[in-house]
Peer 1: 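My questions all concern the structure below.
Sequence lines set the chain letters: A, B, ... in the order given, protein chains first and strands last, and positions in each chain run from 1.
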Number of protein chains: 2
Amino acid sequence: MYSFTEENYLKTIFYLSIGAKEGVSTNALADSTNTRAASVSDMLKRLAEKGLINYQKYRGVTLTEEGERLALLVIRKHRLWEVFLAEKLQFGWDEVHVIAEELEHIRSERLIEKLDAFLGYPKFDPHGDPIPNAAGEMPRFIYRKLSEIVEGTTVVMTGVSEHSPAFLQHLDKAGLTLGCQLKVNEISDFDKSVSVLIDNVRTLFVSHEVAKNLLVK
Amino acid sequence: MYSFTEENYLKTIFYLSIGAKEGVSTNALADSTNTRAASVSDMLKRLAEKGLINYQKYRGVTLTEEGERLALLVIRKHRLWEVFLAEKLQFGWDEVHVIAEELEHIRSERLIEKLDAFLGYPKFDPHGDPIPNAAGEMPRFIYRKLSEIVEGTTVVMTGVSEHSPAFLQHLDKAGLTLGCQLKVNEISDFDKSVSVLIDNVRTLFVSHEVAKNLLVK
DNA sequence: TAAAAAATTTAGATTAATCTAAAAAAATTA
DNA sequence: TAATTTTTTTAGATTAATCTAAATTTTTTA
Ligand SMILES: [Mn+2]
Ligand SMILES: [Mn+2]
Ligand SMILES: [Mn+2]
Ligand SMILES: [Mn+2]
């Protein structure tokens with residue numbers, strides 16, 4: 001059994017590793033976990049001893065196979081609880097993350113498998129992120145950002161790359177929800193803002209800042 | 001915010017206080033929490049400083065009003081989660097307790113109020129125990145034990161005073177569930193076992209040991 | 001490439017929660 | 001009531017997770 005803290009480190013290392021070719025740095029971890037570099041160094045020693053990370057002093061870390069499996073199981077729990085909170089308890093997608101941060105550490109395999117069944121084996125969480133399976137495997141979808149779509153193209157909103165409540169609430173106000181159809185009418189030369197036709201009904205201007213964080217396919 | 005450990009102490013003091021006229025003893029707490037008396041002494045000092053218990057050295061403890069309110073809020077969460085596990089996830093009543101021991105510490109008032117609504121504001125948990133309200137108030141029902149019912153009387157099974165999986169599984173095998181009607185046919189002079197007519201259909205012999213732990217009204 | 005800057009680790013503390021062993025207080029018994 | 005036993009508290013350690021300050025290593029810059 002691993003502590004909440006250890007589980008959180010694994011998860012953080014997993015996320016910081018995405019798309020990185022080097023190991024994750026001590027400072028990056030200190031930032032993400034709101035601790036000091038010295039505390040991170042300490043913890044890395046312990047995680048390395050337990051065989052969950054590959055660690056050489058001053059070099060940065062990567063997860064071992066076992067470490068990644070565990071990280072993905074925590075992420076699985078996190079995302080399944082987010083689905084539960086959003087679909088069954090009617091929480092907004094801007095509210096589910098903080099609560100799931102606690103629920104993800106509940107240790108019962110049976111619980112999570114039954115929850116999965118109760119939710120109808122969802123494949124994605126409320127933010128469009130894929131849910132790893134019980135073996136700790138997760139499909140990797142490669143979506144484009146709305147900001148990269150050329151004029152005239154029609155796409156579907158499949159996810160967000162920014163999960164802050166402020167951003168999600170902004171999308172709520174704009175009426176942008178997962179699954180909606182977006183036709184890119186025009187991209188402004190001036191500020192790169194995007195004029196999109198939503199579900200063939202109404203037109204909306206989306207700032208470049210927002211467009212960068214909208215994932216589409 | 002209180003730690004899991006502190007919350008567990010409050011809950012344990014609450015349970016050990018029921019029906020006691022003296023304060024709860026250090027040793028009783030050490031037994032219930034699987035720690036040593038020295039550790040309990042330590043913790044009691046801290047809880048007293050925080051105004052959650054009334055504590056004088058060598059005297060034993062009682063909860064303050066605030067301590068009792070907090071204990072009941074933890075119990076509220078525990079019991080609501082038990083209902084969720086049993087009713088929504090199809091866990092047996094012998095399985096829900098251990099999982100609820102973890103879930104009861106999730107800190108989100110909104111979560112628990114939404115869970116309550118989702119479950120249809122249940123008044124009792126899967127073991128027949130009443131669920132405290134959001135203010136930390138709990139109705140106290142006084143039920144009798146099946147072992148105290150006189151021959152010829154018909155009663156309804158409303159709860160259990162023993163919550164071990166072994167006991168609950170035993171009741172499952174015997175087909176004894178909450179709400180079933182029990183007519184006491186005869187009490188054996190020899191071993192105090194009770195012959196009961198269940199739901200007017202079949203007769204069952206219940207040992208005194210079991211009868212003592214069945215609550216009825 | 002040597003000096004300066006940045007990143008990382010080590011040293012030494014701190015805090016919550018626990019422990020064992022010893023001391024002290026309360027309760028029981030003779 | 002005095003001696004004995006039981007209960008409880010204190011003293012002093014330990015462990016996980018954290019911190020600040022200092023030392024060390026790596027990276028960048030001049
Ligand atoms: Mn999340
Ligand atoms: Mn999510
Ligand atoms: Mn329970
Ligand atoms: Mn219960």
Peer 1: Report, as yes or no, whether the 6.0 Å neighbourhood of atom CD on A/E109 holds more than 12 heavy atoms from other residues, nucleotides or ligands.
Peer 2: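 For A/E109, atom CD is not crowded (no more than 12 foreign heavy atoms under 6.0 Å).
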Peer 1: Identify, between B/G60 and A/R36, the residue whose nearest nucleotide on DNA chain D lies closer to the 5' end.
Peer 2: B/G60
Peer 1: List in chain and number order the residues that pass side chain to side chain contact (heavy atoms under 4.5 Å, CB included) with A/L111, two or more places apart in sequence or in another chain; answer none if no residue qualifies.
Peer 2: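 Partners of A/L111 under the side chain to side chain contact (heavy atoms under 4.5 Å, CB included) test: A/W81, A/I106, A/S108, B/L85, B/L89, B/F91, B/I99.
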Peer 1: Can you run down the ring pair (Phe, Tyr, Trp, His ring centres under 6.0 Å) pairs that involve residues 23-79 of chain A, sequence neighbours left out, and say none if there aren't any?
Peer 2: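 For residues 23-79 of chain A, and leaving out neighbouring residues, the ring pair (Phe, Tyr, Trp, His ring centres under 6.0 Å) pairs sorted by first residue read A/H78-A/H97.
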Peer 1: Tell me which donor-acceptor pairs under 3.5 Å the side chains of residues 167-174 of chain A have, and how far apart each pair is, sequence neighbours excluded?
Peer 2:
residue, atom, partner, partner atom, Å
A/Q169, NE2, A/D94, OD2, 2.8
A/D172, OD1, A/W93, NE1, 3.1
A/D172, OD2, A/W93, NE1, 3.4

Peer 1: Please identify each residue that fulfils side chain to side chain donor-acceptor pair (under 3.5 Å) with B/E66, with sequence neighbours left out.
Peer 2: B/R69
Peer 1: Output a table of nitrogen or oxygen pairs between the protein and nucleotides 23-27 of chain C separated by less than 3.5 Å.
Peer 2:
residue, atom, partner, partner atom, Å
C/dA25, O4', B/Y58, OH, 3.4

Peer 1: Can you list, by residue number, the residues of residues 9-29 of chain A that have a non-hydrogen atom closer than 4.0 angstrom to DNA chain C?
Peer 2: A/S25, A/T26, A/N27
Peer 1: Is there a donor in the side chain of B/D191 and an acceptor in the side chain of B/S188, or the other way round, less than 3.5 Å apart?
Peer 2: yes
Peer 1: The criterion is side chain to side chain donor-acceptor pair (under 3.5 Å); which residues satisfy it with A/Q90, sequence neighbours excluded?
Peer 2: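 Partners of A/Q90 under the side chain to side chain donor-acceptor pair (under 3.5 Å) test: none.
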Peer 1: Any side-chain donor paired with an acceptor under 3.5 Å for A/E102 and B/H105?
Peer 2: no
Peer 1: For A/K11, what residues pass the side chain to side chain donor-acceptor pair (under 3.5 Å) criterion, not counting sequence neighbours?
Peer 2: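 If we apply the side chain to side chain donor-acceptor pair (under 3.5 Å) test to A/K11, skipping adjacent residues, the hits are A/E101, A/E104.
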Peer 1: Can you tell me which residue pairs pass the side-chain hydrogen bond (donor to acceptor under 3.5 Å, both in side chains) test with a partner in residues 132-147 of chain B, sequence neighbours excluded?
Peer 2: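 side-chain hydrogen bond (donor to acceptor under 3.5 Å, both in side chains) check on residues 132-147 of chain B returns B/N133-B/E137.
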Peer 1: Using the benzene-type ring in the case of Trp, are the ring centres of A/F84 and B/F84 under 6.0 Å apart?
Peer 2: yes
Peer 1: Tell which nucleotide pairs with D/dA30, taking only Watson-Crick or G-U wobble pairs whose two distances are both under 3.5 angstrom.
Peer 2: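 Checking every strand shown, D/dA30 finds its partner in C/dT1, with both distances under 3.5 Å.
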Peer 1: For residues 207-217 of chain B, dump all side-chain donor-acceptor pairs below 3.5 Å to protein atoms at least two apart in sequence or in another chain.
Peer 2:
residue, atom, partner, partner atom, Å
B/S207, OG, B/V210, N, 3.1
B/E209, OE1, B/K212, NZ, 3.4
B/N213, OD1, B/S161, OG, 3.1
B/N213, ND2, B/E209, O, 3.0

Peer 1: Using the heavy-atom set of chain A and a strict 4.0 Å cut-off, write down the first and last nucleotide of DNA chain D that makes it in, 5' to 3'.
Peer 2: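 Range of nucleotides within reach of chain A: D/dA16 to D/dT26.
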Peer 1: Classify the nucleic acid contact of B/S39 as base, sugar-phosphate or nothing, counting any heavy atom under 4.0 Å across all strands shown.
Peer 2: base
Peer 1: How about B/T64 and B/N54: does a side-chain donor come under 3.5 Å of a side-chain acceptor?
Peer 2: no
Peer 1: Near DNA chain C, under 4.0 Å by heavy atom, which residues of residues 41-55 of chain A?
Peer 2: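 Result for residues 41-55 of chain A: A/S41, A/K45, A/Y55, sorted by number.
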